[in-house]
Colleague: 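The structure that follows is given in the form of structure tokens.
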Amino acid sequence: MNTFKQKTDFIREIIRNDLKENDGGQYKIHTRFPPEPNGYLHIGHAKAICLNFGLAREFGGLCNLRFDDTNPTKEEMEYVNSIKQDIKWLGFDWEGREYYASDYFEKLYGFALALIKKGKAYVCDLSGQQIREYRGTLTIPGKNSPYRERPIEENLMLFEEMKNGKYPDGAKVLRAKIDMKSPNLNMRDPVMYRILHKKHHRTSGKWCIYPTYDWAHGQSDSIEGITHSICTLEFENHRPLYDWFLNELEIHHPRQIEFARLNLTYTVMSKRILLELVKSKIVKGWDDPRLPTISGMRRRGYSPTSIRNFCAEVGIAKADSTVAIEFLEHFVREDLNKKAPRRMAVINPLKLIIDNYPDNIVEELEAVNNPEDLSAGTRKIPFSKILYIEKDDFMQEPPPKFFRLAPGREVRLRYAYFVKCNEIIKDRDGNITEIHCSYDPLTKGGDAPDGRKVKATLHWVSAGHAVSFEARIYEKLFKNENPYQVQEVGELKDNLNPDSLSIIENCMGEPSLSSVEPGHVYQFERLGYFCVDPGCSNDSIIFNRTATLKDEWAKIQKSQ
RNA sequence: UGGGGAGUAGCCAAGCGGUAAGGCAGCGGGUUUUGGUCCCGCGAUCGUAGGUUCGAAUCCUGCCUCCCCAGCCA
């Protein structure tokens, strides 16, 4: 059922070597997925989740879930809950090892004390602005803070006072005493603790000093006995700092490995921007199906399997890359093609009347539920004189390669009969309102006894039995392949695709669509995959289009 | 500009000195009661210039390009 495709990559290679070198012992690899609960997870996180949990699974190790919750000004319980739900939904299990950096605040405080006592950390009174100035630039070395040589005892006292709330936000920080002239800016006496009189979602008002990420992350991994700390490229510059902390503290030292984060065309992965889209109501929430969030993709109809396969196939490497959104779509189609039950539904209905079909007869025709999986069985679909077909399936003046219905032309109605178009009815504005056909009773089931062929098979719905529903059609969120291609950050919104969502009401579906379960995905034949929206009620059915089917005709049209 | 990374087909990505996997996209063809699926076929000498070697995408040197770092964000 659940497949976990895996490829080989430089990380797995490193791990295989580590396993070989530690051969014979109790050595087991231990990874972790360390999100900050300041937003919802997106497909980029899925890549990290599949990697970390996948590694543990493949090599017989463990993977923890740890929330890096060191900044109470941005973090919320809602986010930790959504994160847990998304990881589970993706098919991974942290087996109870749910940890928080905030669980380690006490230990971290103790580590800080140890560094102060070693003369390797000091309390600094410089303002944020001053710290920046003293830090120097890429080419100019920094200068030592005037507080750098404070006696250990004084540092100890001041740090305790910081903890006890004696100072306002920003008044003092605890810094590591490393090297203000280091070419690596992260080593220029980085801040370890800042004063933040803010309640934390887990520790509440217990602390008013909070560790910075740089101070907390490596030690948290160490405390958990992580063997391989896998993170993204931007932390490569921080590794020397983590190494320094761990060495000074003389505690377990994980091996950090960095890989390139995922980028996708036509969308953004920045949590900051995602938050902005949600807050400004440009999208309808974190689970808006246009977003690359896990919850958005779930609502859109993406299966966990398709996301996992995508993550496995996209590869792990160190080169910056932007994956085509089409690549992602390929994996939903691949998975849904195998699993989604087929249904007939018409998004833009056009009335088709079969003049020579008896008025009050209804035939029950048998339809295959899934040609890719015969065990899915068959169902009955009612057929009658008045039907709906797709507007796009008829053209009064068909261009060269259009081989659907047109005046005088014969096509097949799927599972039913051949019909031939005889007449077109228009309203006073010239819009086609209905088309009249005649059917050939001998072609029942879809084949002609005389062996004649038709060039097209159309989907249809019996008008008298149709279930009406709303379809939400999603397109790319941004117009530009790279939404970040803007002069100024604020202009990002100008790149939004105004047609990213279109709502189409009064779509017509076959009767079996009258009772559907939220989250279920169907293939509407010839149209695409559609997922039942959780916002459905008894009298309104909503389908989100997950993806279209590949469309040869659309390609031809584009090239014409 | 100092430091840290990366450059293999339109997009990902294998390759680890022996003569360029695979996937997606694209193009052509076959099958088909979904213009879907499936099947077959088609593309790169590896950023660049030198060097080492019988032999280099793989080793060395120079150059070019891109990414990351000057948050008391993560």
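A, B, ... follow the sequence lines: proteins, then strands. Residue 1 opens every chain.
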Colleague: With a 4.0 Å cut-off on heavy atoms, is A:F259 in touch with a base, just the backbone sugar-phosphate, or nothing at all?
Modeller: nothing

Colleague: Listed by chain and number, what are the side-chain contact (heavy atoms from CB on, under 4.5 Å) partners of A:C311, not counting sequence neighbours?
Modeller: A:A46, A:K47, A:C50, A:I307

Colleague: Among the nucleotides B:G4, B:U1, B:C12, which one has an atom lying closest to any side-chain atom of A:T322?
Modeller: B:C12

Colleague: Taking only side-chain N and O atoms of A:K453, does any of them lie within less than 4.0 angstrom of OP1 or OP2 on B:U32?
Modeller: no

Colleague: Please encode protein proximity along nucleotides 66-74 of chain B as a string of B, S and -, counting only heavy-atom distances under 4.0 Å.
Modeller: -SBBBSBSB

Colleague: Taking the side chain of A:K555 as heavy atoms from C-beta outward, which of B:G5, B:G26, B:A25 is closest to it?
Modeller: B:G26

Colleague: Just name whichever nucleotide pairs with B:G35, Watson-Crick or G-U, keeping both distances under 3.5 Å, else none.
Modeller: none

Colleague: Output the single nucleotide from B:A6, B:U34, B:A14 whose closest atom is nearest the side chain of A:D9.
Modeller: B:A14

Colleague: I want to verify a distance call: between B:G36, B:G35, B:C12, whose nearest atom is closest to the A:L549 side chain?
Modeller: B:G36

Colleague: Work out how far the P atom of B:G36 is from that of B:A25, and round it to whole angstrom.
Modeller: 12 Å

Colleague: Quick one: does A:R333 reach the base of B:U37 with a side-chain donor-acceptor pair under 3.5 Å?
Modeller: no

Colleague: Would you call B:G71 syn or anti, using the 90° rule around 0?
Modeller: syn

Colleague: Checking base pairs now: Watson-Crick or wobble, both atom distances under 3.5 Å. What partners B:A25?
Modeller: none

Colleague: Any N or O donor-acceptor pair under 3.5 Å from the base of B:G36 to the side chain of A:E372?
Modeller: yes

